[in-house]
Each structure stands twice: as C-alpha cells, then as structure tokens.
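Report on one structure; see the data block that follows.
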Amino acid sequence: MFKKLNKFIGKIQNSDEATKKRWLIVSSAIAMVLVISLWLVYINWTIKAVGDNVGKQDMEPGFWQIFKTGLKVAGESAWNGVKNSVSKITGERIITIE
C-alpha cells in the first residue's frame, strides 16, 4: 500500500507543471471540503449541546452582569481612593465605613 502511494507521489513529482498544478488544486479542494465539513459537524454538535443546557440552567448571572458589577466596584474603590488622597492633601478628615 505504501509502495503504491510512494510510487504515485513520485509520478506526480516527475510530471509537468500543469499536472502538478491540477493535483494541487484538487487536493486543496478536497482538504477544504473535509475541514469545512468537520467544522460544520462540530458547530452543529455545539449548538445542540447548548440548546439542551438552556432548559436545565438555573438563572445564574451572565458574563456582562458580573463584568458590570466588577467595574462598578472597581470604580467606586478607585473613586474612594481619590477622595481619600484629596482629603489628606487638603487636610479634611473623611471616615469611610464599609
């Protein structure tokens, strides 16, 4: 089997440029069809898996809700730090109770 394949590849290597180009185009097209087919099967499987899990999920906070809350907390913390720094510079005393 490998001898036949090796002989076939050697035959293509020793052929003219037009034949090499034709085999390049055909093998590239076959590879593209194979990769796209596998990708579509994977996407179909992923969508079915996500669709099955939608009904089973509890109402958990989503990514954007967590991201917005984190930004809000980080912004408030930074603003409190700025206010405390300004109050130290100006000499006023502010006590923050958390």
Side-chain angles (χ1 to χ4, degrees):
M1 166 118 178
F2 290 114
K3 288 183 181 180
K4 287 182 182 180
L5 183 61
N6 208 6
K7 189 175 181 181
F8 178 71
I9 291 174
K11 181 180 166 187
I12 292 174
Q13 286 176 342
N14 294 328
S15 63
D16 61 341
E17 292 299 318
T19 306
K20 290 179 186 178
K21 194 174 196 178
R22 186 174 353 122
W23 276 105
L24 174 68
I25 292 170
V26 169
S27 60
S28 296
I30 291 171
M32 285 179 11
V33 167
L34 181 66
V35 167
I36 290 172
S37 300
L38 289 173
W39 178 69
L40 288 174
V41 167
Y42 173 74
I43 292 293
N44 190 24
W45 175 75
T46 304
I47 289 172
K48 283 183 182 177
V50 168
D52 293 342
N53 289 336
V54 168
K56 297 176 185 175
Q57 267 185 346
D58 295 331
M59 294 303 291
E60 296 178 4
F63 170 75
W64 290 111
Q65 181 65 31
I66 294 170
F67 186 70
K68 287 191 297 187
T69 305
L71 281 178
K72 183 178 176 182
V73 169
E76 288 175 358
S77 175
W79 180 247
N80 286 336
V82 169
K83 284 190 338 186
N84 288 337
S85 297
V86 169
S87 69
K88 286 179 183 176
I89 292 171
T90 60
E92 297 176 8
R93 300 280 180 184
I94 295 177
I95 300 173
T96 305
I97 300 173
E98 294 184 32

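Residue numbers start at 1 and run along the sequence shown.
By the neighbour-count criterion of 12 heavy atoms within 6.0 Å, atom CZ of F63 is densely surrounded, having more than that number from other residues, nucleotides or ligands.
Using a 4.5 Å cut-off between side-chain heavy atoms of Ile, Leu, Val, Met, Phe, Trp and Tyr, with links allowed through other members, I36 and I43 fall into the same hydrophobic cluster.
Every residue was checked against the ring-ring contact (aromatic ring centres under 6.0 Å, His included) condition with W39, not counting sequence neighbours, and none meets it.
Using a 4.5 Å heavy-atom threshold, the side chains of L38 and Y42 count as separate.
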Anything under 3.5 Å between a donor and an acceptor, one on a side chain of residues 6-21, the other on a protein residue two or more places apart or in another chain? List them.
from, atom 1, to, atom 2, distance (Å)
N14, ND2, G10, O, 3.1
S15, OG, I12, O, 2.6
D16, OD1, T19, N, 3.4
D16, OD1, T19, OG1, 2.5
K20, NZ, Q13, O, 3.2

Distance-only donor-acceptor hits, side chain of residues 68-81, under 3.5 Å, sequence neighbours excluded:
from, atom 1, to, atom 2, distance (Å)
T69, OG1, Q65, O, 2.8
N80, ND2, E76, O, 3.4

